[in-house]
Participant: 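Here it is, the structure, as structure tokens.
Order of the sequence lines sets the chain letters (A, B, ...), proteins ahead of strands, with each chain counted from 1.
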Protein chains: 2
Amino acid sequence: MDGGGRRSRSERAAGSRAATIQDVARLAEVSTATVSRALATPQRVSPEARARVAEAIAKTGYVPNTAARSLRSQKTHMVLVVLPDLANTFFSKILRGIEETLFEAGYGMIISDLDGSPEKEAHLSAFTAAGRVDGAILLNGHLFGQNRDEEGGSAPLSIPLVAICEAIPDARIPQVEIDNRVGAAGMIRHLASLGHRRIGYVSGPRGNILERERFQGYRDGLAAAGLAFDPDLVIPGDYTLEAGVAAGEAVVRGANRPTALFCTSDVMAIGAIRTLASAGLRVPEDISVVGFDDIEFAAVAEPPLTTVHQPRRELGQAGATALIDLLQGRKAPDRIRLKTDLVVRSSAAAPRRTMLKSAGLNA
Amino acid sequence: MDGGGRRSRSERAAGSRAATIQDVARLAEVSTATVSRALATPQRVSPEARARVAEAIAKTGYVPNTAARSLRSQKTHMVLVVLPDLANTFFSKILRGIEETLFEAGYGMIISDLDGSPEKEAHLSAFTAAGRVDGAILLNGHLFGQNRDEEGGSAPLSIPLVAICEAIPDARIPQVEIDNRVGAAGMIRHLASLGHRRIGYVSGPRGNILERERFQGYRDGLAAAGLAFDPDLVIPGDYTLEAGVAAGEAVVRGANRPTALFCTSDVMAIGAIRTLASAGLRVPEDISVVGFDDIEFAAVAEPPLTTVHQPRRELGQAGATALIDLLQGRKAPDRIRLKTDLVVRSSAAAPRRTMLKSAGLNA
DNA sequence: CACCCCGATGTAATCGATTACATTCACTTT
DNA sequence: AAAGTGAATGTAATCGATTACATCGGGGTG
């Protein structure tokens, strides 16, 4: 429609269109090749020419045009980040880590919120095919454009990929995640060291990979503390507040109450605490409740939540670093597991004697 | 370094490099011009040619190369979003609204977290100058690259801009914000209608534009309810949890206690409630506390917070829509003010008789 | 019938950079 | 002195699309 001769930039700027490499070359009285080399490989240009080019660039305010550069070099210096929900703090912290790292390495970040729409996934495949990005970081737990593969046509995503957070089982790409199992085990050991012998477990959704790992960690922790696993202490959940509320009710109603409750998400812990509180059970005096994630609000909850911290920023940084390695032809590690941190606040304390006794009696 | 003949895409894909418009033209036995027209202006191409092109595109999996397209058309179909803190939920909700709207209109979103670094701002100016984006949305409350203007050189940012959230006073660009004043006034009227006569105000940082508007709204609301403004009821704050805690302490210590406390951020309200609770004051039975923002956690706090909801997603949508209008040559409104919503939960209730009486006695 | 118009299509210039290849020239080597 | 070397630079092809302009042919008008 409105082609090269009429660009929005020049319409707005004071009449002078943006300087091109030609302008610089003319002003410096060298060829465009020399200008280009002065920028890319200064050591291959004589000091005098370099100086003249530098001056001309300063005078014209020249900035290389990205479209032209990437058309020629087949590199966009852009990375696509695909995530399921941009509004979720969990992801936005990771994003921040990604953005930092990419920016430092000279890459820009394009974000797409998948929003559960398969239609959008299709668009994304086209996006990558159009050469808009050099690589992608996936936070959504699965690949996309996968289906085309079977039709024998083009590969699903032929650019370098890295997955963060939720492992993608069969994908042969670098994966960055936290060590859920060790994190959960550490929390159980902490509770055991406080003196708890009956530790309840509020689970995540059945089949979820995070849930599986955290549950393993729970059992590891019990074993390490010499405690027997008791299936009655497992309460099903799904990481939501409502599940936490329900878990709290289950604890209040149930006989043979645990002295500590390990909720596998902070949000469930907060829901559980609320229910317990309205049933007259004080946390941590009457029962300890701990979470997982260390969301923003964990520190501010009442009582401040003892939880397992996920290094989200570092997760993003590690993922971005791995991708950059890939993009620059280096080798990236297959799998990076970041350590979690136990954050001790005040929602867990030693069980009271009476609690121990009653637990002992009921056992 | 590694030029046109050797592209990362083709290295990874099964040997066949990505199809170009030439490939499609050859296969469809038409010229590249016809292919281009078949895509851009189908009505200008005969039905037979159109069909052949469509078939060839399907067969080759052709997707137009973005770099080539934007080099020629001087349009990137990319929008830059600049914000102060990506990890802040407040912004990420807005981002989501922006992303949705941009995506639907065929634009991609590049995000930059300014992170308070002026150095990064300089990079951003170069970014826009390099023609990487067609326009930008600013969430950071000020322009950037501004300084260069005075040196008589190139204009600061010569691309279409829109500001969201915090108004940028002197900038002559479309601004999208919420109506802080009306929102605050509505909350005061709500409290007054519950029967409160002594309504405390916990402020934002001095000089902040949001603070100024909310304070005006507070006074409007008092006036509308026929209540006199009492400077003693104003407690300085800065939107942080600590400020809320401090405000709670001030209320506990102070004589002539208000029956309701309007905190100009939810975070402050949560801090205040915590302090009040540990001093033995129940919310809302002994004192009502309300907030502003309707952050994620407001609904889940104990008690659930009565607050002023900011339509963050809509804010993003409106901003993106305005920018798209600008980019497509339409006119965008100078200033959009979105209405807030009063969200009544349970942290505010009618004052008890004794509270009223004591207030009356002390006055 | 001559002429014009218009729709469909093709040819080739163009966008702005990168880079393979060619050229120049000073300097070393035999 | 002739030939060879290598650093510095220039020329021009190239990336892949868009689009101004040229061309062609069929149908309508005077």
Participant: The side chain of Ala33(B) lies closest to which of these nucleotides: dT9(C), dT19(D), dA17(D)?
Facilitator: dT19(D)
Participant: What is the distance, to the nearest angstrom, from the CZ atom on Arg132(A) to the P atom on dG16(D)?
Facilitator: 17 Å
Participant: What is the distance from CZ of Arg50(B) to C1' of dT9(C), rounded to the nearest Å?
Facilitator: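 It works out to 14 Å between those atoms.
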Participant: Leu71(B) has an atom CG; how far is it from atom P of dT18(D), in whole Å?
Facilitator: 11 Å
Participant: If you check the Ala68(A) side chain, which of dA17(D), dT11(C), dG16(C) turns out closest?
Facilitator: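 Among dA17(D), dT11(C), dG16(C), the one nearest the side chain of Ala68(A) is dG16(C).
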Participant: Under 4.0 Å between a Lys/Arg side-chain N and an Asp/Glu carboxylate O for Arg96(B) and Asp85(A)?
Facilitator: yes
Participant: Which part of the nucleic acid does Val30(A) contact within heavy-atom distance under 4.0 Å: base, sugar-phosphate only, or nothing?
Facilitator: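 Touches sugar-phosphate only.
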Participant: Is there a side-chain contact between Val30(A) and Val35(A) in this structure, where contact means two heavy atoms from C-beta onward sitting under 4.5 Å apart?
Facilitator: yes
Participant: Measure from the side-chain heavy atoms of Arg37(A) and tell me the nearest of dT19(D), dG10(C), dA20(C).
Facilitator: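 Nearest listed nucleotide: dA20(C).
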Participant: Evaluate the side-chain proximity of Ile94(B) to Arg313(B): yes if any heavy-atom separation is below 4.5 Å, no if none is.
Facilitator: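 Contact flag for Arg313(B)/Ile94(B) side chains = no.
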Participant: Rounded to whole Å, please give me the gap between CG in Leu39(B) and P in dT9(C).
Facilitator: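 Whole-Å distance recorded here is 14 Å.
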Participant: Within a strict 4.5 Å, meaning less than it, do heavy atoms of the Leu138(A) and Val162(A) side chains meet?
Facilitator: no
Participant: Counting heavy atoms from C-beta on, name the nucleotide in dG10(D), dT18(C), dT18(D) closest to the side chain of Ile21(B).
Facilitator: dT18(D)
Participant: Ignoring backbone atoms, establish whether Gln74(B) has a side-chain N or O less than 4.0 Å from OP1 or OP2 of dG16(C).
Facilitator: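 Indeed, a polar side-chain atom of Gln74(B) lies that close.
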Participant: What's the closest nucleotide to the side chain of Arg44(A) if the choices are dG16(D), dT9(D), dA17(C)?
Facilitator: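 Nearest listed nucleotide: dT9(D).
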Participant: Using a cut-off of strictly less than 4.0 Å, decide whether Ser31(A) has a side-chain nitrogen or oxygen near OP1 or OP2 of dG10(D).
Facilitator: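 Yes, Ser31(A) has a side-chain N/O under 4.0 Å of OP1/OP2 on dG10(D).
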Participant: Which part of the nucleic acid does Val45(A) contact within heavy-atom distance under 4.0 Å: base, sugar-phosphate only, or nothing?
Facilitator: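 Sugar-phosphate contact only - Val45(A) comes under 4.0 Å of backbone atoms but never of a base.
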Participant: Is any side-chain nitrogen or oxygen of Thr66(A) closer than 4.0 Å to OP1 or OP2 of dA17(C)?
Facilitator: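 So the side chain of Thr66(A) is outside the cut-off, no N or O lying under 4.0 Å from OP1 or OP2 of dA17(C).
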Participant: When you measure from the side chain of Ser46(A), which nucleotide among dC15(C), dG10(C), dA8(D) comes out closest?
Facilitator: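 That would be dA8(D).
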Participant: Rounded to the nearest Å, what distance is computed from the CG atom of residue Asp23(A) to the P atom of nucleotide dC15(C)?
Facilitator: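 Going from CG in Asp23(A) over to P in dC15(C) covers 11 Å.
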Participant: How many Å lie between CD on Glu29(B) and P on dG10(C), as a whole number?
Facilitator: 10 Å
Participant: Could you tell me whether the side chain of Arg50(B) reaches within less than 4.5 Å of the side chain of Gln43(B), counting heavy atoms only?
Facilitator: no
Participant: What's the closest nucleotide to the side chain of Thr32(B) if the choices are dT11(D), dA12(C), dA17(D)?
Facilitator: dA12(C)
Participant: Quick check on dA17(C): is either OP1 or OP2 less than 4.0 Å from any side-chain nitrogen or oxygen of Tyr62(A)?
Facilitator: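 So the side chain of Tyr62(A) is within the cut-off, an N or O lying under 4.0 Å from OP1 or OP2 of dA17(C).
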Participant: State, yes or no, whether a side-chain contact exists between Ile110(A) and Met109(B) at a heavy-atom distance under 4.5 Å.
Facilitator: no
Participant: So what does Ser36(B) hit on the nucleic acid, given a heavy-atom distance under 4.0 Å: a base, only sugar-phosphate, or nothing?
Facilitator: base
Participant: Nearest to the side chain of Thr34(A) - dG16(D), dG10(D), dG10(C)?
Facilitator: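 For Thr34(A), the side-chain atoms sit closest to dG10(D).
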Participant: Of the candidate nucleotides dG16(D), dT18(D), dT11(D), which contains the atom at the shortest distance from the side chain of Arg72(B)?
Facilitator: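 When the side chain of Arg72(B) is considered, dT18(D) is the closest of dG16(D), dT18(D), dT11(D).
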Participant: Nearest to the Arg69(A) side chain among dA17(C), dT14(C), dG16(C), which nucleotide is it?
Facilitator: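 Within the option list, the nearest is dA17(C).
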Participant: Whole angstroms only, please: what is the CG-C1' distance between Asn65(A) and dA17(D)?
Facilitator: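 Rounded to whole Å, this separation is 14 Å.
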Participant: By the 4.0 Å heavy-atom rule, please label Ala49(B) as base, sugar-phosphate, or nothing.
Facilitator: sugar-phosphate
Participant: Whole-Å distance between dA13(D) P and Gln22(B) CD?
Facilitator: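 Going from Gln22(B) (CD) to dA13(D) (P), I get 17 Å.
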